[in-house]
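In what follows, a structure is listed as structure tokens, so that the remarks can point back to it.
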Amino acid sequence: MTDHTTHTDVTDFTLRQAFFDLHRGLPRQAPGSDASTRHLLSLCGPLPERPRVLDLGCGPGRSALLLAAEAGDPGRGGAEVTAVDLHSPFLDELRTAARARGLADCVRTVEADIGALSPADFEDASYDLVWAEGSACLLGFDTALARWQRLLAPGGTLVVTECQWSVGEPSADARAFWAPKYSLRSTARNLAAAQAAGYRVLGVYDLPDSDWAEYYGPLAERVRTRPEATPPAMARARAATREELDARERHGHEYGYTGYVLRPVTAGDGDAWPARPETAADEAAVREVNLAAFDTPLEADLVDALRADGSWLPGLSYVAEAPDGSVAAHALLTRCEVDGIPALALAPVAADPALQGSGAGSSVVRALLAAAKERGESLVLVLGHPAYYPRFGFVPASRFGIRAPFDVPDEAMMALVLDDSVPVPAGTIAYPAPFGV
């Protein structure tokens, strides 16, 4: 079962079965809609003509059916969907619906625990799209992202929807309701967790209130019409569900479901360009690369000025080497602050113009970010091209409440969380003095 009523203590088998019985035949097991599924699918970008899709915690299969019909090229037979759930009656419902829609050849059902998928049955790098609407909570967001990453083929995408706080300071009553059930977090915390887990964020989408009505409407009617004289386990299940419905009515403005569209950050291009920390012998070549890469000497002068500044961090100025050993690209991280909390500024990043597009720049940036993470840094900020830096996992800094000290397009000021165990500060960036801002 994929809905968040499973956060209630249902370790008792009879009570668990009562929850399943209460939800049997309902169209959805979590907030959602066909429109939201389609929107999340649109954020995934181009897919293979016949993508391999894994729907985890599929329930009765509303999303699985839509993905089978629409994720691939209908002329090529649509998508190949493997739908997984631990409750066999849901899978029976899905198979019946797939046959009725002419999708039986596109949907394969598997009864399995989505938290313990066997590598023998679910091989690494086997799926172009892993889909989990309302089911990541059964493992916990962080655990789900970590365990399911291996399933993605190169360039594959993970889509999850997660219940989370939608206000900065939830009320005591809302916290009291959720505390024993599930640890809700904010969008910023979940974004940080996704980045720290090695994902690039392709999209974030807040499910509308109408998606809750699609789920809770039929469920509330089921609870209302269920006879009062029921076995004790069903009475407990009904009471827990009424409590949940009541909490949503009173505190629904404080929490909601959000969809995350994620793709693992991989080495990708740049493997042919070994990267390393710069040495004193590289300084002249680093200046030449920056002079060549930019229209003015400002960036080259900035690097020289930062070397003499207290914000300079030895070991966080990296170069990528060309096959002949010359400097092909350069990237630099120096100390900045956000609301007085230490962070890193990525600037400048430069590549020999003759080698731009070769992967040298990507190689040096990835190596530099890995070095920063290894030494315990938690947050990197960059002002740059919004079509380039997201490949490394950067997202708009505004999603964390971080802003530049000057006017800049929102999508150009970006942040990357390296360690989500450290709270992400909000506020204005304070750059080192050599930046002149």
Side-chain angles (χ1 to χ4, degrees), residues 195 198 200 265-309 311-323 325-336 342-395 397 412-418 429 431-432 434-435:
Q195 289 181 320
R200 170 187 173 187
V265 175
T266 59
D269 56 7
D271 290 346
W273 305 92
R276 58 171 175 79
E278 73 162 41
T279 67
D282 298 315
E283 291 184 12
V286 166
R287 180 172 176 82
E288 288 303 314
V289 166
N290 279 278
L291 285 171
F294 297 101
D295 294 334
T296 74
L298 292 177
E299 283 77 9
D301 292 344
L302 174 62
V303 174
D304 292 341
L306 286 168
R307 280 202 187 92
D309 188 71
S311 61
W312 184 267
L313 300 171
L316 290 185
S317 179
Y318 260 59
V319 296
E321 290 184 345
S326 62
V327 173
H330 170 252
L332 175 63
L333 287 168
T334 51
R335 178 66 68 208
C336 67
L344 295 176
L346 174 59
V349 174
D352 185 329
L355 300 173
Q356 288 179 1
S358 67
S362 292
S363 179
V364 74
V365 170
R366 287 193 174 97
L368 180 58
L369 293 174
K373 184 173 184 176
E374 186 174 347
R375 62 188 281 166
E377 297 289 343
S378 61
L379 178 65
V380 180
L381 303 163
V382 67
L383 175 61
H385 201 296
Y388 180 72
Y389 287 98
R391 72 184 62 184
F392 308 107
F394 285 90
V395 298
M413 189 74 248
M414 291 168 275
L416 172 65
V417 174
L418 300 177
I429 303 167
Y431 284 98
F435 280 85

Are [X] and [Y] close enough that some pair of their side-chain heavy atoms sits under 4.5 Å apart?
| X | Y | value |
| --- | --- | --- |
| Leu369 | Leu416 | yes |
| Leu332 | Thr334 | yes |
| Leu306 | Pro432 | yes |
| Cys336 | Leu381 | yes |
| Met413 | Ile429 | yes |
| Asp352 | Glu288 | no |
| Tyr389 | Leu346 | yes |
| Arg335 | Asp309 | no |

Say you draw a straight line from [atom1] of [X] to [atom2] of [Y]; how long is it, rounded to the nearest 0.5 Å?
| X | Y | atom1 | atom2 | answer |
| --- | --- | --- | --- | --- |
| Ser378 | Lys373 | OG | NZ | 11.5 Å |
| Leu291 | Glu299 | CG | CD | 9.5 Å |
| Glu283 | Glu278 | CD | CD | 5.5 Å |
| Leu313 | Glu377 | CG | CD | 6.5 Å |

Determine the minimum heavy-atom distance between [X] and [Y], stating which atoms define it.
| X | Y | answer |
| --- | --- | --- |
| Gly361 | Tyr388 | C-OH, 3.5 Å |
| Ser363 | Ala275 | O-CB, 4.1 Å |
| Gly384 | Met414 | O-CE, 3.4 Å |
| Val289 | Val327 | CG2-O, 3.5 Å |
| Ala350 | Ala293 | CB-CB, 3.7 Å |
| Leu302 | Phe435 | CD2-CE2, 3.8 Å |

**Request:** Name the orientation class of the two ring planes belonging to Phe392 and Phe394 (parallel below 30°, tilted from 30 to 60°, perpendicular beyond 60°).
**Result:** perpendicular

Could you check Glu321 against Ser326 for side chain to side chain contact (heavy atoms under 4.5 Å, CB included), going step by step and ending with a plain yes or no? CA-CA 6 Å; Glu321 290 184 345; Ser326 62; over 6 Å; no

inquiry  = Would Arg391 and Val265 count as a side chain to side chain contact (heavy atoms under 4.5 Å, CB included) here? Give the steps.
reply    = CA-CA 7 Å; Arg391 72 184 62 184; Val265 175; over 6 Å; no

Leu379 vs Leu344, test: side chain to side chain contact (heavy atoms under 4.5 Å, CB included). Steps then yes/no. CA-CA 6 Å; Leu379 178 65; Leu344 295 176; over 6 Å; no

Margin query: I'd like to know if the side chain of Gln195 and the backbone of Gly393 have a donor-acceptor N/O pair within less than 3.5 Å.
Written below: yes

Q) Is the backbone of Ala329 close enough, under 3.5 Å, to the side chain of Trp273 for a donor and an acceptor to pair up by distance? A) no

Checking Val364, Val349, Val303, Leu368 against His330 for side chain to side chain contact (heavy atoms under 4.5 Å, CB included), the one that qualifies is Val303

Practice prompt. For salt bridge (Lys or Arg N to Asp or Glu O under 4.0 Å), just list the numbers for Arg287 and Asp301, CA-CA rounded to whole Å, side-chain angles, deciding distance to a tenth of an Å, and then say yes or no.
Written response: CA-CA 8 Å; Arg287 180 172 176 82; Asp301 292 344; 2.9 Å; yes

